[in-house]
Chemist: 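Before I ask anything, here is the structure I am working with.
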Amino acid sequence: MTTIPDNLQQVRSRIAAACASAQRRADEVTLLAVSKTFGPEAVAQAHAAGQRAFGENYIQEAVDKRAALAHLPLEWHCIGPIQSNKTRLVAQHFDWAHTVDRLKIAQRLSEQRPPALPPLQVCIQVNIDGGPTKAGIAPQEALALAQEVARLPRLSLRGLMTLPEPAPDFESARQVHLRAAALFRQLRQAGLALDTLSMGMTADLEAAVAAGSTLVRVGTAIFGGRARKV
Ligand SMILES: *Cc1c(COP(=O)(O)O)cnc(C)c1O
C-alpha cells in the first residue's frame, strides 16, 4: 500500500523531472497539496512529510480542518469558487485565494480581511480555454481586473490561476498552458508585479511546468482518489 509520504515523494520527483526537462530550477515550482474531502489526519501526515501549503475547495470544510490543525504552521489556499456570502470566511481563514474572478468579490475580500492578518495573497482565475459556463474571467478582461485588484489595500495580487478542461495528451495540455503563460507575461509587461502562475494538477502537471507554471495544485496523486467528484 502506498502512503501519503511515498506519494508526496513521487510527486516531488515528477516536478523535479519536469523542471529538468524544461531547464527550470526545481525551486521555481511550488507544490500545493489539494486536501479537499480528506480529513485533518491526512493533512497532518503530509505535513509530517514536509508539506506546508494546502489547497481546499469547500470553504466550511476548510475552516473546520484548519481549526483542527491550528497547532501546525500550515498555509491554506482557497481554490474553490467564492460566492459573495463566503468572502468573510475566506478573508478570515485563508492565506491565499486563487479563484478571484470578479472585482466585487475582490473588494469584499479586501474589506473583510482582518487588520491583524497580513494581506490576503490572491490570484485571478482566468477561463483560459473559453468554456461558456466556467468560472474565471475572459483572458481579454484579465488585465483590467488585475489592475483594479492590485489597488485594493488588503490584498496582495500574486498572479493568475487556470483550471482548463482535461486535455487528451501532453502537447494539447501544454498548448493551453502556454496561452496562460503568455497572458501572465503580458500582465507583467504592463507593470504588474506578479510571481505566481497557478496551473497544473495530477494529470497535467508536467505540461503545466513545461509551459511555465510556478505552482501546481495536486490532490489525487498525493491523497488518492476522491469519493466525491469535484
Ligand atoms: C481538485 C482540484 C485540484 C486537484 O486535482 P487532482 O486532479 O486531484 O490533482 C486542483 N485544482 C483545483 C481547482 C481543484 O478543484
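Sequence positions, counted from 1, serve as the residue numbers for this chain. Hydrogens, waters and symmetry mates play no part in the numbers below; they use all other heavy atoms, side chains included.
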Chemist: Regarding T99 and Q125, do their side chains bring together a donor and an acceptor under 3.5 Å, going by distance alone?
Modeler: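 Per modelled atom types, T99 and Q125 side chains form no pair under 3.5 Å.
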Chemist: State the CE-CG distance between M201 and L32, to the nearest 0.5 angstrom.
Modeler: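 Going from the CE atom of M201 to the CG atom of L32 covers 12.0 Å.
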Chemist: Counting N and O atoms only, with roles assigned by atom type, does the side chain of N127 sit under 3.5 Å from a partner on the main chain of G130, one being a donor and the other an acceptor?
Modeler: yes
Chemist: Going through the distances and angles, do V122 and H98 end up as a side-chain contact (heavy atoms from CB on, under 4.5 Å)?
Modeler: CA-CA 6 Å; V122 303; H98 290 228; over 6 Å; no
Chemist: Just how far is it from atom CD of Q9 to atom OG1 of T3, taken to the nearest 0.5 Å?
Modeler: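 One finds 10.5 Å between CD of Q9 and OG1 of T3.
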Chemist: Is there a path of hydrophobic side-chain contacts, each under 4.5 Å between heavy atoms of I/L/V/M/F/W/Y residues, joining L163 to I124?
Modeler: no
Chemist: Roughly how far, to the nearest 0.5 Å, is the CG atom of L192 from the CZ atom of F184?
Modeler: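 Here the rounded value is 10.0 Å.
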Chemist: State, with a plain yes or no, whether a side-chain heavy atom of L74 is found less than 4.5 Å away from one of R66.
Modeler: no
Chemist: If hydrophobic clusters are built from ILVMFWY residues whose side chains come within less than 4.5 Å, do L145 and L194 share one?
Modeler: yes
Chemist: If only side-chain N and O atoms count, and only distance matters, is there a donor-acceptor pair under 3.5 Å linking R108 with T87?
Modeler: yes
Chemist: Report the C-alpha distance between L160 and C123 in whole Å, list the side-chain angles of each, state the deciding distance to 0.1 Å, and finish with yes or no for side-chain contact (heavy atoms from CB on, under 4.5 Å).
Modeler: CA-CA 5 Å; L160 302 179; C123 292; 5.8 Å; no
Chemist: Before you tell me yes or no, could you show the steps for M199 and M161 under side-chain contact (heavy atoms from CB on, under 4.5 Å), namely the whole-Å CA-CA distance, both residues' side-chain angles and the distance that decides it to 0.1 Å?
Modeler: CA-CA 6 Å; M199 59 186 195; M161 178 271 204; over 6 Å; no
Chemist: Taking side chain as C-beta onward, heavy atoms only, is R88 less than 4.5 Å from L109?
Modeler: no
Chemist: For a quick test of reading the model, state the closest non-hydrogen atom pair linking A221 to R14 and the distance between them.
Modeler: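 Heavy-atom minimum between the residues: CB-NH1, 4.1 Å.
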Chemist: Would you give the length of the straight line joining atom CD1 of I15 to atom CG of D27, rounded to the nearest 0.5 angstrom?
Modeler: 12.0 Å
Chemist: Does the side chain of R226 reach to within under 4.5 Å of the side chain of F38, using non-hydrogen atoms?
Modeler: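 The answer is yes; the side chains approach within 4.5 Å.
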Chemist: Would you call E56 and K65 a salt bridge, taking side-chain N to carboxylate O under 4.0 Å as the test?
Modeler: yes
Chemist: Check whether any side-chain heavy atom of W96 sits under 4.5 Å from a side-chain heavy atom of S156, and report yes or no.
Modeler: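 The answer is no; the side chains never approach within 4.5 Å.
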Chemist: Is there a donor in the side chain of R217 and an acceptor in the side chain of S198, or the other way round, less than 3.5 Å apart?
Modeler: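 Their side chains do contain a donor-acceptor pair, which is all the 3.5 Å distance test asks for.
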Chemist: Are I4 and L31 joined in one hydrophobic group, where the rule is that I, L, V, M, F, W and Y side chains link up if heavy atoms are under 4.5 Å apart?
Modeler: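 Yes, I4 and L31 fall within the same hydrophobic cluster.
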Chemist: Would you check if E75 and H77 make a side-chain contact, meaning some heavy-atom pair closer than 4.5 Å?
Modeler: yes
Chemist: Is there a path of hydrophobic side-chain contacts, each under 4.5 Å between heavy atoms of I, L, V, M, F, W or Y residues, that connects L89 with I82?
Modeler: yes
Chemist: Given the rule in the salt bridge (Lys or Arg N to Asp or Glu O under 4.0 Å) test, do R179 and D129 qualify, once you have shown the distances and angles that lead to the verdict?
Modeler: CA-CA 9 Å; R179 300 216 297 269; D129 54 351; over 6 Å; no
Chemist: Indicate whether the side chain of T214 and that of E28 have a donor and an acceptor atom separated by less than 3.5 Å.
Modeler: no
Chemist: Just verifying a value: how many Å separate R158 CZ and L120 CG, rounded to the nearest 0.5 Å?
Modeler: 11.0 Å
Chemist: Are any non-hydrogen side-chain atoms of L103 and Q107 less than 4.5 angstrom apart?
Modeler: yes
Chemist: Which heavy atom of A146 sits nearest a heavy atom of L157, and at what distance?
Modeler: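 Smallest interatomic distance, heavy atoms only, reads O-CD2, 3.5 Å.
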Chemist: At what distance, to the nearest 0.5 angstrom, does CD of Q121 lie from SG of C78?
Modeler: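 Result: 14.0 Å between the selected atoms.
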Chemist: Does the side chain of I59 reach to within under 4.5 Å of the side chain of F94, using non-hydrogen atoms?
Modeler: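 Yes, close enough: below the 4.5 Å cut-off.
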Chemist: Do Q60 and D64 have side-chain atoms, one donor and one acceptor, less than 3.5 Å apart?
Modeler: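 Note: Q60 and D64 side chains meet the donor-acceptor criterion.
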Chemist: Is there a side-chain contact between S110 and L155 (heavy atoms, below 4.5 Å)?
Modeler: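 S110 reaches L155 side chain to side chain.
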Chemist: Examine V149 and I137 and state if one hydrophobic cluster contains both, with Ile, Leu, Val, Met, Phe, Trp and Tyr joined whenever side-chain heavy atoms are less than 4.5 Å apart.
Modeler: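 Yes; I137 is reachable from V149 via cluster members.
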Chemist: Shortest non-hydrogen contact from A26 to C19?
Modeler: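 Here A26 and C19 meet closest at CA-SG, 3.8 Å.
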Chemist: Please assess L69 against W76 for the test side-chain contact (heavy atoms from CB on, under 4.5 Å), listing each intermediate value before the final yes or no.
Modeler: CA-CA 11 Å; L69 295 165; W76 293 96; 4.1 Å; yes
Chemist: Can a side-chain donor-acceptor contact be found between H47 and Q45 if the only test is distance below 3.5 angstrom?
Modeler: no
Chemist: Using modelled atom types and a 3.5 Å cut-off, is there a donor and acceptor pairing between side-chain atoms of T162 and backbone atoms of P164?
Modeler: no
